[in-house]
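Inspection log for the structure reproduced underneath, given as structure tokens.
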Amino acid sequence: MARRGARPGTVTAEGQATDSAKVLAEDVGKVFTRRGRDPVRALESIDAGVGPGEFVSIVGPSGCGKSTFLYIVGGFVKASRGTVDYDGEPVRGPGPERGIVFQEFALFPWKTVLGNVAYGLARQGMGRAERVERARHYLEMVNLEGMDKLYPKELSGGMKQRVAIARTLATGPDLLLMDEPFGALDAQTRAVLQAELMRIWERTRKTVLFVTHSVEEAIYLSDRIYVFSHRPARVKAVLDVGLERPRDRERMMADPAYPVLHRKIWELLRDDGSGDGGPGDGG
Ligand SMILES: Nc1ncnc2c1ncn2[C@@H]1O[C@H](COP(=O)(O)OP(=O)(O)OP(=O)(O)O)[C@@H](O)[C@H]1O
Ligand SMILES: [Mg+2]
């Protein structure tokens with residue numbers, strides 16, 4: 001039974017998971033080993049949960065293990081210790097219900113915008129007409145209607161990232177794993193894409209696990225924020241954002257709760273003693 005006051009999918013202070021988590025990670029550790037090299041301890045012991053429809057972000061120092069954790073949830077990397085459950089079942093590999101958006105846009109340069117978005121659908125066995133219709137639907141959702149025939153080299157960074165998001169959404173995942181998807185964009189484009197992502201999230205109510213270096217971005221987008229320690233990462237804190245939705249950047253900035261939360265996260269990141277590689281605030 002879920003505890004009173006605890007949200008579904010969260011892990012309580014006592015380390016107990018509540019009911020109906022979409023993603024539930026318990027005691028997840030990761031050591032990378034390679035012959036002839038010292039092992040790299042990337043994750044110490046991560047307990048984390050994401051409830052259905054929740055937007056959860058991870059912030060932490062550079063190199064602390066955020067991407068590694070996301071890849072473990074995605075099933076691309078195997079944990080050395082602990083378990084990750086998705087909808088109550090252990091994650092054993094990648095699956096169509098978990099879609100990932102990488103920082104590097106990773107588009108096929110030889111395929112058009114439409115071809116890139118439709119690619120995963122062909123692999124799912126969908127017929128051509130349906131693929132095209134579906135790809136167009138998601139291109140419209142990310143404000144790229146009419147751009148079908150362009151090639152990636154003809155697109156700006158923001159447009160490429162929109163294509164990457166449309167491609168992931170088109171395959172119909174329930175959970176979106178996003179690894180600093182806006183990290184390579186200028187501040188203005190980034191703000192536009194953040195707002196678009198918010199609109200899509202509010203419309204589709206996908207569950208999102210989002211990695212970012214930007215504290216502002218994490219606050220603007222999230223219901224909850226996990227602050228990871230330096231490598232090997234542990235969860236330093238889990239913070240409820242609690243700002244009203246739908247969010248508006250100016251209203252958020254004017255809310256007295258915003259600077260308090262912002263400072264708190266910075267302090268958590270700062271007293272980490274991790275030296276270099278602190279977060280930047282590109283939001
Ligand atoms: N495949 C791998 N083999 C060996 N070491 C790896 C591998 N992948 C990641 N690492 C190491 O694990 C640690 C965590 O890396 P990870 O990419 O998860 O960090 P991160 O928090 O995402 O960093 P950033 O914020 O810079 O993206 C780093 O020391 C990295 O060098
Ligand atoms: Mg990373």
Side-chain angles (χ1 to χ4, degrees), residues 23 25-48 50 55-84 91-94 98-106 157 160-161 164-165 168 175-185 187 190 193-194 197 208-222 224-239 265-266 268-283:
V23 178
E26 289 181 296
D27 188 31
V28 171
K30 178 66 186 177
V31 183
F32 289 104
T33 49
R34 243 192 275 167
R35 219 178 330 170
R37 299 229 189 129
D38 286 339
V40 177
R41 285 167 63 217
L43 300 171
E44 180 68 41
S45 170
I46 303 290
D47 288 318
V50 187
F55 198 119
V56 170
S57 289
I58 299 172
V59 297
S62 187
C64 76
K66 302 179 295 296
S67 296
T68 301
F69 181 67
L70 212 65
Y71 298 160
I72 290 173
V73 175
F76 304 103
V77 168
K78 240 192 163 82
S80 312
R81 194 184 64 217
T83 55
V84 177
V91 167
R92 295 188 211 284
R98 284 161 288 136
I100 192 156
V101 179
F102 296 98
Q103 174 168 13
E104 308 299 329
F105 317 119
K160 282 185 209 166
Q161 197 54 298
I165 292 169
T168 302
L175 172 71
L176 278 181
L177 300 165
M178 306 186 88
D179 192 4
E180 302 200 39
F182 308 143
L185 306 177
R190 187 173 187 149
L193 263 78
Q194 286 168 351
L197 177 62
V208 183
L209 186 57
F210 189 98
V211 169
T212 178
H213 266 85
S214 164
V215 174
E216 183 193 318
E217 179 170 86
I219 298 174
Y220 175 60
L221 297 174
S222 313
R224 285 188 306 131
I225 301 173
Y226 281 83
V227 182
F228 278 17
S229 72
H230 63 88
R231 189 172 66 80
R234 347 168 244 103
V235 175
K236 261 200 119 169
V238 191
L239 303 160
I265 296 172
W266 266 102
L268 283 160
L269 291 165
R270 199 176 305 131
D271 26 86
D272 209 32
S274 56
D276 65 306
D281 221 335

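As the structure lists them, so they are numbered: ligands from 1, and atoms in each ligand from 1.
Counting all heavy atoms, side chain and backbone alike, Phe228 lies closest to Pro61 at O-CD, 3.4 Å. The shortest non-hydrogen separation linking Val56 to Ser222 is C-OG, 4.4 Å.
Short contacts between ligand 1 and Arg231, defined as distances under 4.0 Å to a heavy atom of the residue, involve ligand atoms 13 (C), 28 (C), 29 (O). Using a 4.0 Å cut-off to heavy atoms of His213, the atoms of ligand 1 that qualify are 24 (P), 25 (O). Taking every non-hydrogen atom of Arg34 and a distance limit under 4.0 Å, the qualifying atoms of ligand 1 come out as 3 (N), 4 (C).
Here the side chain of Lys66 pairs a donor or acceptor atom with the backbone of Gly60 at under 3.5 angstrom. Under a 3.5 Å cut-off, the side chain of Arg190 and the backbone N or O of Leu185 do not form any donor-acceptor pair. Not a single donor-acceptor pair under 3.5 Å links the side chain of Thr33 to the backbone N or O of Pro39.
Within a 4.0 Å radius of atom 9 (C) of ligand 1, the protein contributes one or more non-hydrogen atoms.
If you run side chain to side chain contact (heavy atoms under 4.5 Å, CB included) between Met178 and each of Thr212, Ile100, Thr168, Leu197, only Leu197 comes through. Each of Phe55, Phe69, Tyr226 was checked for a ring-ring contact (aromatic ring centres under 6.0 Å, His included) with Phe210, and the lone residue meeting it is Phe55.
For atom 17 (O) of ligand 1, the nearest non-hydrogen atom of the protein is Ser67 CB, 3.7 Å. Among all protein heavy atoms, the one lying closest to atom 30 (C) of ligand 1 is Val40 CG1, 4.7 Å. What sits closest to atom 26 (O) of ligand 1 on the protein, heavy atoms only, is Ser62 OG, 2.7 Å. In terms of protein heavy-atom proximity, atom 28 (C) of ligand 1 is closest to Gly63 O, 3.8 Å. Closest protein heavy atom to atom 19 (O) of ligand 1: Gly65 N, 3.3 Å. Ranking protein heavy atoms by distance to atom 27 (O) of ligand 1, first place goes to Glu180 OE2, 3.6 Å.
For the atom pair Leu176 CG and Leu209 CG, the distance stands at 10.0 Å (nearest 0.5 Å). Distance CD1/Ile225 to CD/Glu217: 10.5 Å, rounded to 0.5 Å.
At a 4.0 Å cut-off, not a single heavy atom of Lys30 sits close enough to ligand 1 to count as contact.
Between the Mg ion (ligand 2) and Ser67 there is an N/O/S contact shorter than 2.8 Å.
Backbone and side-chain nitrogen or oxygen atoms of Phe32 are examined, and none is located within less than 3.5 angstrom of a nitrogen or oxygen of ligand 1. Between Cys64 and ligand 1, at least one N/O pair is under 3.5 Å apart.
The residue from Ile58, Val211, Thr68 that puts a heavy atom closest to atom 15 (O) of ligand 1 is Thr68.
At a threshold of 4.5 Å between non-hydrogen side-chain atoms, the residues Val227 and Ile265 count as touching.
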